[in-house]
Amino acid sequence: MDGVIYTPEQLKREVEYFLKQDAFVFDVESMDGVIPGTRGIPTQNQIVWLSLSTYGRNIIIPMGHPNGNNLLRKGFRKKNPETKKMDWNPAVYDAPPKQMRPSEVFAILEPLFFSDLIKGAHNAPFDVISIAKYLGGRIIPGPIFCTLTMQWIKDENIGQFSGGPRRPVKKDLKTLTSWYYGVKYDHNEVGKCIELHPFKDVARYALLDSAYTWLLLRKFRRSIPEEALQAIWELEQAVTPVVCRMGLVGAPVDVQAIRELDVYLTDLLVGIETRVYQAAGKQFNIGSWQQKQDILYKPKTEGGQGLKPTRLNKSGKLKKQKGIPLSIRDYSTDKDALDDFVGNPLVDVLLEYSEIDKLRSTYVRAYLGVEGDSDKPCLIFNGRIHTDLVQYGTVTGRFSSRAPNLQNIPNPESELGSKVRGLFRAPEGYRLLVADYAQMELRILASMIGYGGLYDGFMAGIDAHTQTAVLVYNKQEEFAKDPDYMKHPENMWMRSAAKTLNFAIVYGAGAAKVAATIGISVEEAQQLLDNHKVAFPEVYEFRDKIMALARSRRKSPYIRTILGRKRRVWEVLRNVAEIEAPKLPWYEPQKHQAAVRSVISRGERQVFNSLVQGSLGDIIKLAMVRMDKVLSEDAVKNPGREIQMILSVHDELVLLCPEDRVAEGSAMLLEAMIGKEIQDLIKVPLDIGKIAVVQRWSQAKE
DNA sequence: CAATAGAGCGCT
DNA sequence: AAAGCGCTCTATTG
């Protein structure tokens, strides 16, 4: 097949050609590495094909594909006696052609990957981390252009239930190729499992992957500046190598403690399980909410507890709204619902069970994996867990984190939560440096307004919740006499309520939600909100201004974050005629959808929240780029004593630092997060408090 | 049997 | 009428 590279001589000639261009793209096809189930894990997988494209050139480099072109025996499925699942017994092909070894290939490609050319890939971190293994564990230098991220910059709503023009359903390469070029080339899902396919099919597939990625790169390079998205793209472009480095580095964990916690929680659950069955009078599946409904809410004559539920689950609320009669299936069994029945022996023990079961399955079992089940591989490699920090993972500009998600590790406030968070631990001789922006969303809001109560408070060094408490509860005199007034135990409830109120403003919560959160009546909550409006009128004026601005973009209502990122929300439009009805396969356009008050209101909340949440996303991404730059320079000067950035949790960064360098590391972190470039973006003083220097992540909030 | 929806719950 | 996520489990559907 044309373009397939078999020899070093061929490859060297290609590298010469590529080096004369200003950009290229590449794509990796991989199989399981040494450990089963690692094909999708870029730190562990094995690269079998590499394809590269640039102007007028596409090449494909096989390096260990196991199959020739001729099928000798078809594949079939058989039962795996250990996991009791159906496994593939793979097809057998004749021998493949002689291919280069990965070490040969990457030695020749190194000048290209380490050049200053633009290196593009669709979902670049996967490819970049995959090849890092073959490049001495180094992340290639920028510019790295991730075409998936480029598409997201242009349309953050792909994959969302959203108004606006028709759009592709997903952002993956196959969907975009079909959307933009009307081409479908992967009928047999070759990429899912390349070792099942003949040599020539994979060669074609790999070539088309990089060829179309190249087309996307060229298209997006042209179109991103057209929408004045160049500045935010430059930030995102700089973020990609940082994400790659963090993914490669991973977060260190206490493996022994994870195993012990598994045993501990399992023992705990076994005991609770028998207490559940005793209290219920029978055995059932505790993980099943339907069975819980039956046992809790059916009358005692039918073997239930006869509890009278009041809280509805989501579909229950929908039915009630539509006037459809409710059944037992519509009542919630979540924590809030069960809290209504605290004191009931079954309920008490069920609450205990769910908390522990959640932590064990999500944070312990998932990390350890299931022996022999390649769908559930152990996620710990050399004592580290490598999350996939997804740069394009949200509509607002934040990161998301997956496989596993390290942005939802339990709080250390509860004992069990602390045990779980404490699993993330600096190795011997190292410390974790943990810093988070204090009340950053409110600072951003205050800065954008530029005056008023929040602004004045921050300027005076008063924290936002205290300031809100003073103003909504009219305690100005007391506070003037005693700056610690709100910190007195008997007054803390005011600050705590004010904190809820501040969240309510940022999220757009109503009185009912505020009441439920604080634990007061709806009337009292409404009073608080009214007081807030009187005390902080500028917040509401600002909100109205933002909404008018968004709506003034009549075809596509949007706001821009502090660094110019767009969030488009068509639902804020009041006039349905202004909406181009989406015609997606999974989206039934509703003619009057946008005229529904609740839909407009949700849109308004999204617009307002995106302004601050998205701006914080911008800022932490900028801080990470700054941090990474300093760390890279530092690494050259301090070989073997490197400081590493390992986690980013929305407003928090975590570094791993040799213990004799914590002062340096802390200073670097401080400068990266609130140094001049960052502070200049925000009119009120920024604050990251005291950087925590800890052994375990759980100790950071103490 | 595999894929999907819903509930529920962890986080900022 | 609380913004933004991802994961696990069960039950249902094709």
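Here is the naming used below: chain letters follow the sequence lines, and residue numbers restart at 1 for every chain.
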Exercise for the section: Round to a whole Å and report the spacing from CG of A/N609 to C1' of C/dA1. Expected result: 15 Å
Completion exercise
Side-chain atoms of A/R421 come closest, of B/dT12, C/dT10, C/dC5, to B/dT12
Handout entry: Donor + acceptor pair across side chains of A/Q290, A/D294 (<3.5 Å)
Key = no
Practice task
Using heavy atoms and a sub-4.0 Å distance, could you list which residues of residues 324-334 of chain A are near DNA chain B? By number, please.
Solution key: A/S332, A/T333, A/D334
Practice task
Please report, rounded to the nearest Å, how far the C1' atom of C/dC5 is from the OH atom of A/Y507.
Solution key: 11 Å
Fill in the blank from the handout: Testing B/dG6, C/dA3, C/dC5 for proximity to the side chain of A/W289, the answer is B/dG6
Practice task
Dump the intermediate steps for side-chain contact (heavy atoms from CB on, under 4.5 Å) on A/L148 and A/F126, then the final yes or no.
Solution key: CA-CA 12 Å; A/L148 207 167; A/F126 178 83; over 6 Å; no
Exercise for the section: Using whole Å, report how far CZ of A/F503 lies from P of C/dA3. Expected result: 14 Å
Exercise for the section: Kindly compute the distance separating CG (A/L611) from OG1 (A/T561), expressed to the nearest 0.5 Å. Expected result: 8.0 Å
Completion exercise
On DNA chain C, more 5' by nearest nucleotide between A/S598 and A/Q613 is A/S598
Exercise for the section: Take atom CG of A/D375 and atom P of B/dA2, then tell me their distance rounded to the nearest Å. Expected result: 9 Å
Practice task
Just call it for A/V649: base, sugar-phosphate, or nothing, with non-hydrogen atoms closer than 4.0 Å on any strand.
Solution key: sugar-phosphate
Problem - salt bridge (charged side-chain N to carboxylate O under 4.0 Å, His left out) pairs, two or more places apart, involving residues 359-368 of chain A - result: A/D262-A/R365, A/D357-A/R360
Practice task
Would you classify A/V420 as touching base, sugar-phosphate or nothing, given that sugar-phosphate means primed atoms plus P, OP1 and OP2, and contacts are heavy atoms under 4.0 Å?
Solution key: nothing
Exercise for the section: Counting heavy atoms from C-beta on, name the nucleotide in B/dC9, B/dT12, C/dC5 closest to the side chain of A/K335. Expected result: B/dC9
Practice task
Scan side-chain atoms only and decide if A/N531 and A/Q527 contain a donor-acceptor pair under the 3.5 Å cut-off.
Solution key: yes
Practice task
Using a heavy-atom cut-off of under 4.0 Å over every strand shown, decide if A/Q291 touches base, sugar-phosphate, or nothing.
Solution key: sugar-phosphate
Exercise for the section: Could you check how far CG of A/L359 sits from C1' of B/dC11, rounded to whole Å? Expected result: 12 Å
Exercise for the section: Please work out if A/D436 contacts a base, only the sugar-phosphate, or nothing of the nucleic acid, heavy-atom cut-off 4.0 Å. Expected result: nothing
Exercise for the section: Ignoring backbone atoms, test whether A/Q606 places a side-chain nitrogen or oxygen under 4.0 Å from the OP1 or OP2 oxygen of C/dG4. Expected result: yes
Exercise for the section: Identify whether any heavy atom of A/T394 sits under 4.0 Å from a base atom; if not, whether one sits that close to sugar-phosphate; answer base, sugar-phosphate or nothing. Expected result: sugar-phosphate
Problem - Nearest-angstrom distance from the residue atom CZ of A/R605 to P of C/dG4 - result: 9 Å
Practice task
Compare every heavy atom of A/L326 with every heavy atom of A/K320, then report the nearest pair and how far apart it is.
Solution key: N-CD2, 4.1 Å
Practice task
Would you indicate, yes or no, if C/dG6 has its OP1 or OP2 atom less than 4.0 angstrom from a side-chain nitrogen or oxygen of A/S400?
Solution key: yes
Distances under 3.5 Å between protein N/O atoms and the N/O atoms of nucleotides 7-9 of chain C, please, pair by pair.
from, atom 1, to, atom 2, distance (Å)
C/dC7, OP1, A/A403, N, 2.7

Problem - Polar side chain donor-acceptor pair, A/T500 to A/T517, under 3.5 angstrom - result: no
Exercise for the section: Considering just the side-chain nitrogens and oxygens of A/T396, establish if one lies under 4.0 Å of OP1 or OP2 belonging to C/dC5. Expected result: no
Exercise for the section: Could you tell me whether A/R421 and A/E413 make a salt bridge, using a distance below 4.0 angstrom between a side-chain N and a carboxylate O? Expected result: no
Practice task
Taking atom types as modelled, find out whether A/E236 and A/T149 have a side-chain donor-acceptor pair closer than 3.5 angstrom.
Solution key: no
Practice task
State yes or no: are the ring centers of A/Y392 and A/W152 separated by less than 6.0 Å?
Solution key: no
Problem - Rounded distance in Å - NE2 (A/H465) to P (B/dT12) - result: 13 Å
Problem - Rounded distance (Å) that lies between atom C1' of B/dT12 and atom OH of A/Y437 - result: 15 Å
